[in-house]
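The next block holds one structure in the form of structure tokens; read it before the comments.
These numbers come from the heavy atoms of this one structure, side chains and all, not from hydrogens, waters or symmetry mates. Note that ligands are numbered from 1 as they come in the structure, with each ligand's atoms numbered from 1 the same way. Note that the coordinates shown come from a computational prediction; the quantities given were computed from them, not determined experimentally. Counting from 1, the numbers follow the sequence of the chain as shown.
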Amino acid sequence: YKNPHYAAGRSTMVHLFEWKWDDIAAECERFLGPRGFGGIQISPPNENLVIWSRNRPWWERYQPISYRLITRSGNENQFANMVRRCNNAGVRIYVDAIINHMTGTWNENVGTGGSTANFGDWHFPGVPYGRNDFNWPHCVISGNDYNCCADRVRNCELSGLKDLNQGSEYVREQIVNFMNHLISLGVAGFRIDAAKHMWPGDLSVIYSRLHNLNTAHGFPSGARPYIFQEVIDLGGEAISRNEYIALAAVTEFRFGLELSRAFSQQNQLRWLSNWGPQWGLLASGDSLTFIDNHDNQRGHGAGGNILTYKRSKQYKGAIAFMLAHPYGQPQLMSSYDFHDTEAGPPMDHNGNIVSPSINSDNSCGNGWICEHRWRQIAGMVGFRNVAGNTGVNDWWDNGSNQIAFCRGGQAFIAFNNDNWGLSQTLQTCLPAGRYCDIISGEKINNACTGKTITVGNDGRAHISIGSNEYDMVLAIHRGTQS
Ligand code: QV4
Ligand code: CA
């Protein structure tokens with residue numbers, strides 16, 4: 001369950017938060033496929049509670065009312081069409097699967113597909129689930145439970161969301177049928193929402209009953225779904241990420257926390273020379289890595305001062321390090337602009353999501369940030385593909401916040417997060433020639449719109465990054481040679 005089954009030569013996924021299926025299909029064909037992206041985490045595809053009393057917040061999608069594939073992102077036909085078109089473009093789809101709970105108590109009781117529910121009676125006819133399918137006696141997780149009481153974290157309600165009993169054969173069957181239906185439609189795997197709140201033993205049974213990936217969608221025969229489990233573990237809780245790594249991959253929340261610190265000058269970049277498990281991170285193959293996610297970019301979920309698109313220079317630096325370094329299985333966040341932390345995606349008066357528009361410089365409009373389209377970030381996705389499975393070599397640092405390293409003989413990157421300029425002749429490990437920096441510009445029709453770097457016969461080149469430049473990174477690789 002730890003292999004994402006990307007198409008050959010691809011290595012990065014992006015979370016297209018709250019995107020519609022039709023827009024994702026188009027994005028696979030016009031951008032993600034051609035630019036070498038490996039996959040997409042999509043928002044939950046199953047029917048959720050419609051919450052007009054809070055003006056359709058983003059978090060209504062974490063309140064399932066049935067397993068029918070019908071949401072603001074689209075219906076089942078649109079979903080199937082998206083998966084087929086993305087797989088054809090070489091881009092995999094990973095589903096955010098909410099299997100810990102159903103909706104919580106709320107003013108409303110109608111779903112995005114018209115299903116109704118009676119929460120007070122634990123009655124969800126759209127599945128159907130009834131009273132016996134939920135944990136009993138009824139209890140709600142309190143803050144202190146996380147420190148003391150694993151059983152309460154798993155058997156009580158998370159924020160009042162009706163807590164399913166995954167120990168029940170009937171419940172397991174509904175969940176497995178839902179996930180296998182998605183596999184038959186061609187998805188490559190799942191994010192397991194709130195995995196901490198389910199027993200590893202129950203999850204293990206559920207995973208074991210999942211079908212192999214659909215070979216009609218280009219997966220090798222016998223391929224198991226890629227599974228990454230959402231377990232927030234910053235240390236000190238009753239439940240540890242280590243209870244889940246035997247099953248499948250785990251979201252590594254310490255990764256974005258530490259890199260956010262380093263790129264906010266709260267720690268020096270030079271210490272990143274041994275980045276990885278020596279920092280207390282999971283083993284690389286167990287670790288789904290990211291800077292920010294849809295929760296912590298708006299103060300939900302894990303704490304900490306996480307970098308987001310709102311502090312773009314530092315954010316792009318942290319993302320570039322994530323993508324340049326071989327550690328982990330990286331995921332990019334792609335956001336819509338928000339000020340209110342509850343606000344849903346750009347929408348019209350009827351609550352329909354408004355599609356992103358695409359500007360001539362590749363950026364998005366209509367309220368969508370599209371970090372994955374930023375030149376510096378999309379360029380680094382290509383860098384990671386070129387670097388392949390090489391390691392880090394020729395590490396250089398200035399003793400504080402200027403660092404540089406090579407990826408085999410394939411790629412070279414330098415960072416300057418000091419308040420003074422970087423100007424050094426450094427080993428790039430690349431063959432002699434002229435290279436186009438993919439951060440300050442890009443190669444268009446054989447011309448470089450940014451810095452051109454000349455590598456000599458000894459592999460060395462003069463590298464310069466001013467402290468007040470637009471970006472703090474310089475990156476070149478074999479694919480940008482001219
Ligand atoms: C409210 C009160 C409760 C009360 C309840 C019932 O706060 O005290 O018991 O009413 O009267 C929303 C509201 C929340 C409300 C709840 C139930 O924000 O106030 O409870 O609904 O109606 C997202 C949001 C939540 C949201 C939830 C469901 O973050 O705010 O709750 O969706 O709509 C922990 C977990 C981790 C979790 C993280 C946020 O270990 O698993 O918290 N992360 C995942 C998702 C996240 C999602 C959920 C889990 C739940 O990434 O986006 O929560 O599916 O760290
Ligand atoms: Ca639970």
Side-chain angles (χ1 to χ4, degrees), residues 15 17-18 41 43-44 46 48-51 53-65 71 95-109 111-112 117 119-120 122 133-143 145-147 149-168 171-172 175 190-203 206 228-234 236-241 243-244 250-251 253 288 290 292-304 306 331 333 338 340-344:
H15 179 17
F17 181 50
E18 289 276 19
Q41 180 194 315
S43 279
N46 62 300
N48 63 267
L49 185 66
V50 175
I51 303 184
S53 59
R54 291 289 186 89
N55 199 31
R56 308 293 309 266
W58 62 270
W59 45 260
E60 71 171 40
R61 296 190 72 161
Y62 291 86
Q63 305 224 3
I65 198 163
T71 60
V95 169
D96 196 351
I98 309 168
I99 59 176
N100 172 63
H101 52 261
M102 301 300 283
T103 66
T105 308
W106 208 257
N107 311 340
E108 286 103 326
N109 70 343
T112 45
F119 322 124
W122 283 261
D133 301 318
F134 295 85
N135 284 317
W136 197 252
H138 172 253
C139 50
V140 177
I141 302 169
S142 72
D145 289 337
Y146 288 98
N147 304 321
C149 310
D151 54 334
R152 286 186 53 89
V153 172
R154 286 170 173 148
N155 294 342
C156 299
E157 293 175 357
L158 169 61
S159 306
L161 298 158
K162 297 297 169 206
D163 202 50
L164 287 164
N165 174 9
Q166 292 81 16
S168 139
V171 170
R172 288 174 177 174
I175 291 172
F190 303 93
R191 168 190 186 266
I192 305 296
D193 182 73
K196 183 195 285 182
H197 303 276
M198 296 179 277
W199 293 95
D202 293 337
L203 290 175
I206 289 168
F228 54 103
Q229 307 165 99
E230 190 225 7
V231 179
I232 303 177
D233 179 359
L234 300 176
E237 288 188 21
I239 295 173
S240 145
R241 58 192 181 171
E243 296 172 55
Y244 292 85
V250 168
T251 52
F253 278 83
L288 189 282
F290 50 94
D292 56 332
N293 80 346
H294 72 281
D295 282 332
N296 63 16
Q297 74 167 190
R298 49 175 50 69
H300 284 238
I306 297 294
Q331 180 182 66
M333 179 70 204
F338 67 91
D340 169 358
T341 60
E342 312 295 313

Answer yes or no for Arg61: is there a heavy-atom contact with ligand 1 below 4.0 Å?
->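 In this structure, Arg61 fails to qualify as a contact of ligand 1 - no heavy atom is under 4.0 Å.
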Contact with ligand 1 for His101, non-hydrogen, under 4.0 angstrom =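 Yes; His101 lies near enough to ligand 1 that a heavy-atom distance drops under 4.0 Å.
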For His15, all residues meeting ring-ring contact (aromatic ring centres under 6.0 Å, His included), sequence neighbours excluded |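 If we apply the ring-ring contact (aromatic ring centres under 6.0 Å, His included) test to His15, skipping adjacent residues, the hits are Phe17, His294.
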For ligand 1 and [X], I'd like to know whether there is a polar contact (N/O to N/O, distance under 3.5 Å).
X	value
Trp58	no
Glu342	no
Lys196	no

Is the shortest distance from a Lys or Arg side-chain nitrogen in Glu18 or Arg61 to a carboxylate oxygen in the other one below 4.0 Å?
->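 Salt bridge between Glu18 and Arg61, a charged N being under 4.0 Å from a carboxylate O: yes.
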Has the side chain of His197 got a donor or acceptor atom that lies under 3.5 Å from a matching backbone atom of Val153?
->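 Judged by distance alone, yes, a pair lies under 3.5 Å.
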Considering [options], which one's heavy-atom position lies nearest to [atom]?
atom	options	result
atom 10 (O) of ligand 1	Ala195, Gly104, Ser159	Ser159
atom 46 (C) of ligand 1	Asn100, Asp295, Asn48	Asp295
atom 48 (C) of ligand 1	Val231, Ile99, Asp193	Asp193

Residue and atom names of protein N/O/S atoms that fall under 3.0 Å from the Ca ion (ligand 2) |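 Protein N/O/S atoms under 3.0 Å of the Ca ion (ligand 2): Asn100 OD1, Arg154 O, Asp163 OD1, Asp163 OD2, His197 O.
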Between Arg191 and ligand 1, which part of the residue brings a heavy atom under 4.0 Å of the ligand: side chain, backbone, both or neither?
->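 Contact part for Arg191 vs ligand 1: side chain (C-beta onward).
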Kindly give the heavy-atom pair with the smallest separation between Ile206 and Arg172, and that separation in Å.
->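 In this case the closest contact between Ile206 and Arg172 is CG1-CG, 4.2 Å.
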Run the ring-centre check on Phe290 versus Phe253 and record whether the distance is less than 6.0 Å.
->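 So the answer is yes for these two rings.
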